[in-house]
Amino acid sequence: MLVASNLSCIRGTQTLFTDLSVQLNSGQWLYLQGENGAGKTSLLRILAGLTLPAAGSVTWHGAPISKQRSIYHTDMLYLGHHASLKEDLTLTENLRSLMAMDGLTVSDAAIQDALTRMGLARRQHLPARVLSAGQKRRGLLARLLLRAAKLWILDEPFNALDTNAITNLQESLRTHLHHGGMIILTSHQTPDLGAGATGFVLNLSGSR
Amino acid sequence: MPQLFAMFAAYFAALNRDLLLVMRRKTEVLTALFFFVIVTTLLPLGIGPEPDLLRKIAPGAMWIAALLATLLGLQRLFAADHADGTLEQMALSPEPLSILVAGKITAHWLVCGLPLVLLAPVIGLQFDLPTDAIGILMLSLLIGTPLLSLIGAIGAALTLGARGSALLVSLLVLPLYVPTLIFGAGAVESYITGLGAAGHLSLLGALLVLAIAFSPWATTAALRISLE
Amino acid sequence: MINWFKFSAPSTFYPLAGKLVPVFWLLAAIFGAIGLYIGFFVAPTDAQQGEGYRIIFIHVPASWMSMFIYCVMAFWSLLGLTFGTRLSGMMTTALAPTGALFAFLSLWTGALWGKPMWGTWWVWDARLTSELILFFLYLGYMALHAAIDDPRRADRAGAVLSLVGVVNVPIIYFSVKWWNTLHQGASVSLTKSASMASTMLWGMLIMALAFWAYTLAVALMRARAIMLEREANTEWVKHLPDIRRAA
Amino acid sequence: MQWQSLSDFLAMGGYGLYVWGSFGVCAVTMLAEPLLVRHRRRQALRDIQQSQDI
């Protein structure tokens with residue numbers, strides 16, 4: 001499904017990794033390990049199609065992702081370091097505009113439902129600026145529930161979350177895998193993705 | 001057909017969001033507008049009150065003020081989206097990024113360009129311009145200010161994440177503004193001297209068509225590069 | 001078919017450029033000597049402008065080169081954006097300062113020509129004005145490239161800028177020309193007033209060839225320096241014979 | 001040959017300042033540029049040398 005072959009990444013004069021190949025099938029997860037600066041985020045951004053690799057290619061269902069951007073970005077959802085929320089807008093407005101810019105229309109009820117499931121029902125009409133880091137994070141994660149994306153690429157999704165929210169998110173991840181979804185993620189702590197799903201751990205620190 | 005509809009929806013989504021943000025934080029509209037008013041008000045004070053002289057410099061002075069006012073907010077066009085990560089999400093939208101960029105440029109014009117067009121008659125009176133010349137001035141600004149936003153967007157996208165980007169935008173964009181300035185101010189001037197403004201205005205229109213076709217594409221390319 | 005991508009690899013290009021640089025220096029010296037000889041000893045004194053017109057033997061070729069180099073930069077940029085070759089960005093960056101130099105020389109000699117001929121250092125003549133804007137475009141390119149830390153990103157951003165610029169150069173030229181005729185300013189232009197005798201044309205052409213060879217020599221030298229700076233950590237640089245010699 | 005003497009050549013029919021001002025600046029800049037580039041390349045080589053010695 002998602003095949004990355006012979007990727008290499010150069011940042012400035014530093015080579016982060018070379019000849020890296022990954023394959024991910026339906027219902028599988030990929031967990032990236034490595035110390036700071038090993039190139040985890042760079043790899044995620046290459047797989048998401050934000051950065052061009054210095055060499056190698058990424059294909060989705062057999063075709064290069066750069067050739068079918070619209071299809072790939074419908075199937076894939078990337079959540080990065082940033083809050084990706086506008087401070088002056090409420091959570092509902094933020095989600096609504098993000099969905100609309102993706103060319104999708106969702107009802108306010110669906111947004112409310114997703115925010116409720118992330119435990120933000122009472123915060124939905126507050127501007128993002130007054131929310132805590134964890135609450136913003138959860139607001140963004142509500143997009144996972146709204147978008148029917150097959151592949152989730154998540155950069156440190158557990159950051160700033162409390163125990164309750166972590167359990168919640170892990171549950172969502174397990175459900176996604178169970179329904180044939182795919183997940184690529186980085187995290188400081190090893191996530192518990194359930195015994196049923198198969199996955200790989202990729203260690204990036206060995207490349208230096 | 002549904003694809004086209006989704007594209008329009010995405011365009012209006014980007015436009016709406018930026019307008020909503022401006023509504024929440026009104027200073028941005030006012031900065032450009034105040035700048036325009038202040039510069040055009042200071043000029044007669046610096047140059048002298050002779051009506052003949054003022055009438056002569058009015059088209060150029062107002063066009064330069066409009067150009068600099070546009071330049072003022074340009075660097076912020078994508079900077080906030082870049083900083084909070086929403087630009088990243090826009091680049092990953094299933095809809096073409098150039099459509100979203102077009103929406104943002106439209107919002108920029110509605111906020112920074114259109115108010116200048118609407119304010120032009122008042123400023124024109126300060127410079128003692130005849131009524132029909134003011135009409136031509138408004139028309140030239142109406143065609144020209146979107147051009148300023150379109151060209152400026154390329155510069156704003158290119159300098160995203162570069163050091164000293166505020167100054168850099170001016171250096172990159174000002175040479176590209178030269179034709180717009182010449183045709184815009186020239187339209188009013190040649191109308192006043194009795195040569196007619198049609199030639200200038202149609203050239204300005206041709207540039208606008210060219211920029212509409214070319215600028216969102218170039219801006220998108222620049223944005224993708226700056227996201228790397 | 002020749003494999004151009006092989007030549008565009010810095011490890012192949014570096015020694016090749018090293019061999020070409022002296023050739024172009026020699027060409028520049030020969031053409032320069034012939035051009036100067038024609039300019040000073042063969043070309044007769046102009047009836048109207050006396051000896052002052054001899055400035056055009058560098059002014060006109062410098063203006064030509066400044067425009068030509070910008071087009072070449074745009075060409076490399078297009079190549080770089082479509083094929084993603086590393087060499088194109090390095091060549092564009094290597095050409096920019098030389099292009100800016102020629103634009104500057106064109107302005108400088110134009111001013112020195114204008115003072116005795118028109119009685120003023122600067123006129124808002126269509127050609128001079130667009131040359132000035134071209135100079136700003138060069139400065140913009142170099143400033144943008146210098147302001148972005150990652151060289152790959154800087155190359156690609158610069159490529160977009162130079163393509164936008166090359167679309168705008170003719171528009172700027174015609175707009176300035178139109179503006180100039182409307183204002184009935186100094187309509188005297190350099191080439192028109194000097195009745196284009198064939199010796200003069202030859203002199204300018206040969207000087208242009210000298211400048212062209214000079215540009216290639218300097219740009220290749222600069223490209224080599226840029227390659228060393230950027231690829232300092234690669235294997236081919238580490239095994240370069242130049243490293244020992246420099247010690 | 002239209003020049004009678006060296007001083008005649010240097011005077012350029014009264015345009016000496018302008019003609020030699022043009023050609024002089026042209027020569028100086030076109031000599032300086034390659035020298036600066038050569039310096040840049042040597043500096044790069046020296047940096048690589050140093051990083052290898054360590």
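To find a chain, count down the sequence lines: A is the first, B the second, and so on, and within it residues start at 1.
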Determine yes or no for a side-chain-to-main-chain donor-acceptor pair under 3.5 angstrom, with Gln89(B) supplying the side chain and Tyr78(A) the backbone.
yes
Does any heavy atom of chain A fall under 4.5 Å from the side chain of Asp81(B), the backbone, both, or neither of them?
both
Please walk me through it: do Thr86(B) and Leu85(A) pass side-chain contact (heavy atoms from CB on, under 4.5 Å)?
CA-CA 7 Å; Thr86(B) 41; Leu85(A) 298 174; over 6 Å; no
Going from OG on Ser97(A) to CG on Asn16(B), what distance comes out if it is rounded to the nearest 0.5 angstrom?
9.5 Å
Which of these, Arg17(B), Arg24(B), Lys26(B), Arg25(B), sits in a salt bridge (Lys or Arg N to Asp or Glu O under 4.0 Å) with Asp88(A)?
Arg25(B)
Where on Met76(A) is there a heavy atom nearer than 4.5 Å to chain B: the side chain, the backbone, both, or neither?
side chain
Does the side chain of Asp102(A) reach to within under 4.5 Å of the side chain of Glu95(B), using non-hydrogen atoms?
no
Of the non-hydrogen atoms in Met101(A) and Ala10(B), which two are nearest, and what is the gap between them?
O-CB, 3.9 Å
Could you give the distance from OG (Ser66(A)) to CZ (Arg224(B)), rounded to the nearest 0.5 Å?
10.5 Å
Check whether more than 12 heavy atoms from other residues, nucleotides or ligands sit under 6.0 Å from atom NE2 of His61(A), and answer yes or no.
yes
Given the options Gly85(B), Gly103(B), Ala9(B), Ala14(B), which has more heavy-atom pairs under 4.5 Å with chain A than any of the others?
Gly85(B)
Can a salt bridge be assigned to the pair Arg45(A) and Glu228(B) using a cut-off of 4.0 Å between side-chain N and carboxylate O?
no
How about Leu167(B): does its CG atom have over 12 heavy atoms from other parts shown lying under 6.0 Å from it?
no
Gap separating the OG atom of Ser93(B) from the CZ atom of Arg69(A), nearest 0.5 angstrom:
11.5 Å
Would you sort out whether His73(A) and Leu92(B) count as a side-chain contact (heavy atoms from CB on, under 4.5 Å), showing the intermediate values?
CA-CA 6 Å; His73(A) 288 165; Leu92(B) 292 174; 3.5 Å; yes
For Leu98(A), which atoms come within 4.5 Å of any heavy atom of chain B: side chain, backbone, both, or neither?
side chain
Roughly how far, to the nearest 0.5 Å, is the CG atom of Leu20(B) from the OG1 atom of Thr90(A)?
8.5 Å
Is Ala83(B) in contact with chain A via its backbone, its side chain, both, or neither, using a 4.5 Å heavy-atom distance?
backbone
Using non-hydrogen atoms only, which part of Arg96(A) is less than 4.5 Å away from chain B: side chain, backbone, both, or neither?
neither
Is Leu227(B) close to chain A through its backbone or its side chain, or both, or neither, when contacts mean heavy atoms under 4.5 Å?
both
Residue from Ala48(A), Ser70(A), Gly49(A) scoring the most non-hydrogen pairs under 4.5 Å with chain B is Ser70(A)
Okay, Glu87(A) and chain B: the region with an atom under 4.5 Å from a heavy atom over there is neither
Top contributor to chain A contacts, counting heavy-atom pairs under 4.5 Å, from Pro94(B), Ala13(B), Pro96(B)
Pro94(B)
Which bit of Ile71(A) comes within less than 4.5 Å of chain B, counting heavy atoms only: side chain, backbone, both or neither?
neither
Heavy-atom cut-off 4.5 Å, strictly under: side chain, backbone, both or neither for Ile46(A) against chain B?
neither
Could you give me the CA-CA distance, side-chain angles and deciding distance for Leu21(B) and Lys86(A), then say whether side-chain contact (heavy atoms from CB on, under 4.5 Å) is met?
CA-CA 8 Å; Leu21(B) 282 170; Lys86(A) 285 283 164 201; 3.4 Å; yes
